[in-house]
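Structure record follows, encoded as structure tokens.
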Amino acid sequence: MAFINTVSTASTSVVKPKNTLTVIDNRTGKSIEIEITNNSIPATAFSQLKAPYEENERKENDTPYGLRVLDPSFMNTAMITSKITYIDGNKGYLMHRGYPIEQLAEKSSFLETAYLLIYGELPSKSQHDAFTWEVMHHTFIADDLQQMMRQMRYDSHPMSVFISAFAAMSAFAPEANPALQGQNLYIQNKAAMNKQIIRILGKATTVAAMAYRIRINRPFTPPRSDLTYTENLLFMMDHMSEPYSYRPDPRLAKALDILFILHADHEMNCSTATMVHVGSSLADPYSCIAASAAALYGPLHGGANEAVIRMLTKIGSVENVPAFLEGVKQKKELLFGFGHRVYRETDPRSKIIREVADLVFDVCGREPLIDVAIALKDAALKDEYFTSRKLYPNVDYWSGLIYKSMGFPLDFYPVLFVVPRVAGYLAHWKQQIDSGKNKISRPRQVYIGESRRDYVPLENREERVIDGTNGLTEIPHYMSKRRLAPKI
């Protein structure tokens with residue numbers, strides 16, 4: 001409970017609030033006062049609340065050693081303090097370093113926004129030009145790494161290729177590895193840190209394009225430094241037998257650039273938290289990026305826009321929308337692209353991305369599923385069942401339609417998500433190292449398993465019923481049944 005001081009005088013009482021929280025442990029009667037800073041309290045303060053074991057209480061609870069705070073999935077736990085991105089989920093507001101996302105999408109470029117995220121301020125003209133030049137001249141991939149990537153099967157998921165390439169990239173930059181150069185490498189050598197930031201931003205598009213070319217069984221296309229960031233990506237993906245002067249449609253490059261700005265950072269999400277978590281051990285940034293990309297690879301994170309397309313395809317036509325929504329209410333269907341863990345109102349990015357969709361449709365033709373998407377959106381926003389649950393279209397609802405219209409395969413959508421998010425990963429990694437307060441992340445747990453028990457020899461153990469969750473049952477084999485036959 002919040003604690004309030006009351007100061008009394010002969011004639012009046014003056015209420016003087018304190019920016020603290022008073023907690024009373026009803027087990028012992030002990031009271032502690034915790035300072036509130038930026039509307040947050042340190043979880044470690046609760047370790048002061050200690051109590052003796054109750055009768056028959058599990059000793060694994062460690063009750064005499066202090067109270068723990070349990071928050072699965074970080075529903076209300078702040079992992080860091082940050083100056084990078086702010087989200088007001090109740091009002092549907094997003095800003096980077098103080099700049100509203102609407103202004104950045106309208107007036108900025110992806111590389112300028114990346115600079116803002118990583119270094120804290122918009123670059124001057126000379127800083128912008130130098131940063132862009134460096135990024136666009138660090139796009140080549142080592143030939144040995146290219147040979148490794150060529151061994152990937154054509155049906156490999158592009159995110160698997162992306163993750164593998166960045167994990168392997170660590171081996172191609174030993175001078176960037178704190179495990180080899182000393183744990184204070186990036187604490188003491190900011191030039192080395194900046195070089196890896198430039199390298200990673202530059203090579204992210206090249207790796208993405210290579211993953212796509214593997215997907216369509218085509219040879220790799222070398223990058224070009226005379227194009228913009230997104231133009232170069234499209235060039236490396238789409239260049240065939242035309243002259244090297246081939247240039248992607250500037251309208252599509254601009255649309256993709258805006259999409260990259262919208263995906264560049266989104267505060268402490270699953271994959272960014274992974275970047276911070278892995279980075280806290282002072283692992284090299286290439287390994288950190290690979291781990292973060294693996295977190296984004298999961299269908300609950302980076303695969304949402306792909307799920308939207310599959311959902312709209314399943315609905316098929318505008319006439320089927322009412323029946324589908326009824327199925328959602330009856331828990332027979334899943335609704336993708338609506339709602340968000342943070343936003344309680346509309347996702348501000350979804351408004352911008354809807355305008356980008358029109359730009360892409362002007363070039364590539366109107367995506368047939370857009371009519372189904374609009375009908376579904378309109379029907380859901382008129383239905384109290386969905387509005388009362390704050391289910392509004394999010395950025396994934398429209399982005400998948402744009403990617404489909406541009407001809408990207410479904411399994412490439414997460415790659416188009418992770419490439420711009422690399423800028424956000426690097427911003428949080430740099431912030432953490434530069435803070436001078438980095439400690440290795442080491443979450444606690446609440447143990448609810450078996451209490452101490454003694455080892456039983458194999459021959460004395462009883463058989464247990466195995467159902468696949470508590471032991472190994474039968475697994476499928478591709479080996480010949482002759483080889484798996486019991487031996488006589």
Side-chain angles (χ1 to χ4, degrees), residues 39 71-78 85-95 100-102 105 258-259 262-263 266-270 298-361 366-405 410 413 417:
N39 193 37
D71 186 10
S73 301
F74 297 112
M75 297 297 291
N76 191 40
T77 297
T85 296
Y86 171 72
I87 299 172
D88 186 335
N90 295 311
K91 296 180 180 178
Y93 185 73
L94 168 65
M95 66 183 185
I101 189 63
E102 294 85 354
I258 295 173
L259 289 173
L262 298 180
H263 286 94
H266 206 231
E267 203 224 57
M268 200 45 46
N269 49 77
C270 174
L300 292 183
H301 189 0
N305 48 20
E306 177 182 346
V308 168
I309 296 299
R310 297 188 188 281
M311 173 189 72
L312 295 175
T313 302
K314 181 179 180 181
I315 295 172
S317 67
V318 172
E319 292 74 23
N320 296 332
V321 167
F324 175 79
L325 289 178
E326 191 60 35
V328 173
K329 295 177 186 179
Q330 296 175 8
K331 312 295 184 185
K332 296 179 180 179
E333 300 285 358
L334 294 176
L335 181 66
F336 295 99
F338 283 74
H340 196 277
R341 170 79 75 85
V342 176
Y343 295 114
R344 295 296 174 264
E345 296 294 334
T346 184
D347 184 335
R349 300 170 299 172
S350 66
K351 300 176 183 178
I352 304 167
I353 214 167
R354 179 66 184 88
E355 298 172 1
V356 176
D358 292 332
L359 174 63
V360 172
F361 296 160
R366 183 177 174 83
E367 168 54 45
L369 288 178
I370 189 65
D371 294 326
V372 179
I374 292 174
L376 181 63
K377 182 262 296 182
D378 290 344
L381 294 184
K382 293 176 182 176
D383 193 317
E384 189 273 338
Y385 178 89
F386 300 101
T387 57
S388 65
R389 291 166 170 79
K390 306 295 183 182
L391 294 176
Y392 302 99
N394 58 38
V395 69
D396 298 311
Y397 190 70
W398 302 111
S399 63
L401 290 165
I402 296 174
Y403 294 149
K404 185 174 186 297
S405 179
L410 277 176
Y413 291 8
F417 189 160

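Taking K332 as the reference, Q330 meet the side chain to side chain donor-acceptor pair (under 3.5 Å) condition, with sequence neighbours excluded. Applying the side-chain contact (heavy atoms from CB on, under 4.5 Å) criterion to S399, with sequence neighbours excluded, gives H263, N305, I353, D396, Y403. By the side-chain contact (heavy atoms from CB on, under 4.5 Å) test, L410 pairs with E306, I309, R310, Y413, sequence neighbours left out. Contacts of E102 classified as side chain to side chain donor-acceptor pair (under 3.5 Å), with partners at least two apart in sequence or in another chain: none. With sequence neighbours excluded, the residues satisfying salt bridge (charged side-chain N to carboxylate O under 4.0 Å, His left out) with D358 are R354. Residues satisfying the salt bridge (charged side-chain N to carboxylate O under 4.0 Å, His left out) test with E333, not counting sequence neighbours, are K314. Taking E367 as the reference, K404 meet the side chain to side chain donor-acceptor pair (under 3.5 Å) condition, with sequence neighbours excluded. In this structure N269 satisfies the side-chain contact (heavy atoms from CB on, under 4.5 Å) test together with H266, S271, T272, H301, R421, sequence neighbours excluded. In this view, L381 and K377, Y392, P393 satisfy the side-chain contact (heavy atoms from CB on, under 4.5 Å) rule, not counting sequence neighbours. For F338, the ring-ring contact (aromatic ring centres under 6.0 Å, His included) partners at least two apart in sequence or on another chain are Y397. Partners of T77 under the side chain to side chain donor-acceptor pair (under 3.5 Å) rule, at least two apart in sequence or in another chain, are D71.
P348 and I101 make their closest contact through CB-CG2, 4.3 Å (heavy atoms, listed as atom of the first residue, atom of the second, distance). Nearest heavy-atom pair, A105 versus I258, reported as atom, atom and distance to 0.1 Å: O-CG1, 3.9 Å. Closest approach of A380 and L325 over heavy atoms only: N-CD1, 4.0 Å. Taking every heavy atom of both residues into account, V318 and A375 meet most closely at CG1-CB, 3.7 Å.
The shortest distance between side-chain heavy atoms of E267 and L94 does not fall below 4.5 Å. Looking only at side-chain heavy atoms (C-beta outward), L334 and M311 stay at 4.5 Å or farther from each other. The side-chain heavy atoms of I370 and W398, taken from C-beta on, include a pair separated by under 4.5 Å. No side-chain heavy atom of V372 sits less than 4.5 Å from a side-chain heavy atom of N320. Residues D383 and K329 meet the side-chain proximity criterion, which asks for heavy atoms closer than 4.5 Å.
Here D371 contributes atom CG and L312 contributes atom CG; the two are 11.0 Å apart, rounded to the nearest 0.5 Å. Rounding to the nearest 0.5 Å places CD1 of I315 at 5.0 Å from CG of L376.
Under the ring pair (Phe, Tyr, Trp, His ring centres under 6.0 Å) criterion, no residue pair touches residues 367-389, with sequence neighbours excluded.
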